[in-house]
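Structure first, then comments.
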Amino acid sequence: MDRRAFLTAATAGILLPRPAVPAAARTLRSDPFTLGVASGDPSTGGFVLWTRLAVDPLGGDGRGGMPARDVDVDWQVSSDERFATIVRSGTATARARDAHSVHVELDGLEPGRDYFYRFRSEGRLSPAGRTRTTPAGETPLRFAVAACAHYEHGYYTAYRRLAEQEPDLVVFLGDYMYEYGPSGYTALAGRVRTHTPGKCRTLADYRMRHAQYKSDPDLQAAHRVAPWLAAFDDHEVENNWAGSASSTGAPGFARRRAQAFRAYYENMPLRRGSLQGAALRVNRRVSWGTLARFHLLDTRQFRDDQACLDGVRAGCDDRLASDRTLLGAGQWRWLERGLRGSPTRWNLLGQQIMVAQRDYKVGPGREVNLDSWDGYAAERTRLLGALAGTSNPVVLTGDAHMHHLAELKADFDDPDAPVVARELVASSIASDGDGYRDRTWIAEALQENPHISYIDQRRGYLMARLTRDELSVDFRTLDYISRRGAAARTSHRLSLPATSDPAARTSTAAPPA
């Protein structure tokens with residue numbers, strides 16, 4: 001079986017041949033690999049391998065129907081799809097206290113090549129996944145950008161279409177799962193599927209909600225096809241939370257946030273060092289050889305509370321205060337040091353909320369989203385200053401549930417101000433349902449925001465190809481997700497040439513479909 005055949009089988013949900021296992025070895029009552037497998041945070045020598053055992057994913061205690069004991073899990077990494085050449089293997093312990101999750105961190109492998117992996121436990125074999133180490137040189141990169149996957153709002157066809165395009169890397173920028181109870185946030189298309197009972201408040205709630213999302217075969221396909229570089233936004237904990245502040249003012253938020261972080265770590269291919277007590281570190285850097293460096297930010301955990309009671313508002317002077325922070329002092333030092341010292345040709349800033357100024361009011365006056373960088377305007381100016389001196393910076397963003405393409409400027413109100421970087425905003429995988437394309441609304445929004453050149457309200461993701469000389473990006477859209485089977489097509493295309501002169505940062509784009 002060649003690589004394409006392997007990936008075709010994997011993304012179609014076809015189980016690859018498994019060796020026979022003696023029935024006597026099966027002490028669990030059913031298959032424990034119901035949540036799939038995943039990999040993430042690749043390096044030149046390795047990556048993280050993940051799985052979580054669950055014989056009953058929606059078991060009411062959040063433990064996936066597993067026994068209250070630790071379970072050994074064997075793992076294998078192969079250089080070929082048939083696992084004829086095993087290059088690494090070992091045994092990890094899926095601990096009951098960690099919801100029987102497994103995180104295997106590998107190093108010492110060859111750079112810039114595909115590997116295949118699988119797990120075995122108590123006589124059962126997992127599906128196989130494909131992952132990849134990062135290269136040492138200037139190897140081209142195909143990567144996808146995705147965000148916002150509300151389970152109730154639609155099927156995950158966009159994940160399936162993403163997997164079928166076989167990216168080398170998936171960058172996921174937040175709202176992997178949503179904390180609302182059933183119909184707690186209703187899309188225009190209504191509720192297609194139903195959340196587990198109640199709003200997520202306890203560790204068991206968050207574990208069970210993650211298990212529900214992870215049970216989806218289209219999401220599992222997207223995890224099997226490539227390593228992920230992922231960070232949370234707000235809904236992995238609570239809508240619009242900020243630092244230590246709950247958006248609802250509910251008591252016990254510090255404990256709730258810590259439990260949400262723990263469940264997120266248990267269900268994602270993150271390195272073990274990312275979970276640091278009650279905190280979860282997701283700001284990190286991954287380099288794709290000398291071609292590109294991804295700087296992944298955390299725009300929730302260290303921010304000041306939103307100004308003027310949050311929301312989309314006009315006339316909020318507090319948002320302009322020079323001492324307001326979104327990233328926090330420690331993350332700022334980390335980011336500026338990483339941008340300043342980056343040796344790569346391209347620098348890709350992965351973060352959760354729109355950086356570009358976005359005026360929601362048609363006509364005189366201005367209304368902005370105080371949960372975005374518009375609510376932290378002075379720090380945005382600092383960010384754009386840091387990007388201005390960086391080699392070929394591009395900002396990758398989620399959250400907005402719409403595709404956007406924007407020019408980032410030090411002064412958004414000056415049409416002649418130089419372009420510092422481009423911002424590429426990925427629409428949602430499922431959040432807000434089927435989506436639509438209101439051309440009148442889009443035309444008004446683009447007129448109010450001339451630095452934004454493209455908006456699309458349909459569901460989708462970004463698929464990009466990066467070389468030394470060019471970043472080309474397809475804005476992929478689906479016409480519906482309220483039923484299965486929608487095709488994905490390129491509704492807009494961007495070609496951004498590399499340059500050593502920040503003043504010459506221009507792009508060409510195909511007209512929207």
Side-chain angles (χ1 to χ4, degrees), residues 3 6-7 9-11 16 33-53 73-81 83 86-92 94 98 100-121 125-135 141-146 159 162-173 176 210 213-214 216-231 264-275 282 284-288 294 296 350:
R3 175 174 173 268
F6 170 86
L7 294 172
T11 56
L16 298 175
F33 295 108
T34 56
L35 306 183
V37 300
S39 67
D41 283 14
S43 66
T44 53
F47 29 71
V48 180
L49 302 180
W50 171 92
T51 193
R52 178 185 163 201
L53 307 183
V73 179
D74 299 326
W75 54 268
Q76 293 178 324
V77 175
S78 173
S79 59
D80 67 283
E81 300 91 332
F83 290 84
I86 305 298
V87 296
R88 289 291 180 86
S89 62
T91 300
D98 299 328
H100 293 94
S101 61
V102 172
H103 297 77
V104 178
E105 297 183 26
L106 296 192
D107 200 4
L109 298 173
E110 295 179 29
R113 65 157 299 160
D114 287 350
Y115 287 95
F116 303 86
Y117 64 95
R118 64 187 179 186
F119 299 89
R120 187 198 310 269
S121 184
L125 192 66
S126 77
R130 169 224 176 198
T131 189
R132 187 173 180 83
T133 51
T134 61
L141 166 66
R142 292 184 73 250
F143 67 95
V145 182
Y159 277 139
L162 181 158
E164 289 168 352
Q165 291 195 256
E166 304 176 11
D168 299 313
L169 180 71
V170 177
V171 181
F172 193 88
L173 297 175
Y176 185 86
H210 274 286
Y213 280 55
K214 272 291 199 306
D216 185 275
D218 296 330
L219 173 56
Q220 290 186 13
H223 273 299
R224 285 197 304 269
V225 79
W228 281 41
L229 181 59
Y264 183 82
Y265 166 76
E266 289 171 348
N267 286 277
M268 298 298 285
L270 299 173
R271 295 189 180 274
R272 291 185 293 272
S274 61
L275 187 62
V282 294
R284 59 205 190 275
R285 278 186 276 272
V286 168
S287 292
W288 197 263
F294 290 88
L296 201 64

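In what follows, residues are counted from 1 in the order of the sequence shown. Just the heavy atoms: all of them, side chains too, but no hydrogens, waters or symmetry mates, feed the values below.
Side-chain contact check for V77 versus F83: every heavy-atom pair is 4.5 Å or farther apart. By the 4.5 Å heavy-atom criterion applied to side chains, L229 and L296 are counted as neighbours. In this structure the side chain of Y117 reaches within 4.5 angstrom of the side chain of S39, judged on heavy atoms. Residues R271 and R284 fail the side-chain proximity criterion, which asks for heavy atoms closer than 4.5 Å. Side-chain contact between P111 and P135 is absent, with no heavy-atom pair separated by less than 4.5 Å. A 4.5 Å side-chain heavy-atom check between P167 and L162 finds at least one atom pair inside the cut-off. Using a 4.5 Å heavy-atom cutoff, the side chains of L49 and V37 are not in contact.
Rounded to the nearest 0.5 angstrom, S121 OG and L53 CG are separated by 5.0 Å. Here the straight-line distance linking atom CG of L219 with atom CZ of R224 works out to 10.0 Å at 0.5 Å rounding. Here the NE2-OH distance, from H210 to Y264, works out to 7.5 Å after rounding to the nearest 0.5 Å. From Q220, atom CD reaches atom CG of D218 across 9.5 Å, with rounding to the nearest 0.5 Å. Between the CZ atom in R120 and the OG atom in S89 there is a gap of 10.5 Å [rounded to 0.5 Å]. How far CD of E266 is from CZ of R52: 6.5 Å, rounded to the nearest 0.5 Å.
Applying the side-chain contact (heavy atoms from CB on, under 4.5 Å) test between F47 and each of T133, D41, V104 identifies T133 as the sole match.
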E110 vs S79, test: side-chain contact (heavy atoms from CB on, under 4.5 Å). Steps then yes/no. CA-CA 10 Å; E110 295 179 29; S79 59; over 6 Å; no
Kindly determine whether V87 and L109 satisfy side-chain contact (heavy atoms from CB on, under 4.5 Å), including the steps that lead there. CA-CA 8 Å; V87 296; L109 298 173; 4.1 Å; yes
Hey, mind stepping through L270 and L275 against side-chain contact (heavy atoms from CB on, under 4.5 Å) and telling me if it holds? CA-CA 9 Å; L270 299 173; L275 187 62; over 6 Å; no
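Considering all non-hydrogen atoms of both residues, A92 and V102 come closest at CB-CG1, 3.7 Å. Scanning both residues, A221 and A163, for their nearest heavy atoms gives O-CB, 3.8 Å.
For T131 (side chain) and Y115 (main-chain N/O), no donor-acceptor pair under 3.5 Å exists by modelled atom type. A donor-acceptor pair under 3.5 Å links the side-chain atoms of R132 to the main chain of G112, judged by distance alone. Between the side chain of H103 and the backbone N or O of Y265 there is at least one donor-acceptor pair closer than 3.5 Å. Of the possible polar contacts, one joining the E105 side chain to the R272 backbone as a donor-acceptor pair under 3.5 Å is found.
For an aromatic pair to be called close, the ring centres must be under 6.0 Å apart, and F294 with F143 satisfies this. Centroid-to-centroid, the aromatic rings of W75 and F119 stay 6.0 Å apart or farther.
Contacts of Y159 classified as ring pair (Phe, Tyr, Trp, His ring centres under 6.0 Å), with partners at least two apart in sequence or in another chain: Y156. Residues passing the ring pair (Phe, Tyr, Trp, His ring centres under 6.0 Å) test with Y213, sequence neighbours excluded: Y151, H195. Scanning for ring pair (Phe, Tyr, Trp, His ring centres under 6.0 Å) contacts around W288 gives an empty result, with sequence neighbours left out.
Cation-pi geometry between R118 and F116 is not met at under 6.0 angstrom from the ring centre and within 45 degrees of the axis.
Between W228 and Y176, the ring planes are perpendicular. Angles over 60° get that label, and only those under 30° would be called parallel.
The pair D168-R142 fails the salt-bridge criterion, with no side-chain N (NZ, NE, NH1 or NH2) lying under 4.0 Å from an Asp/Glu carboxylate O.
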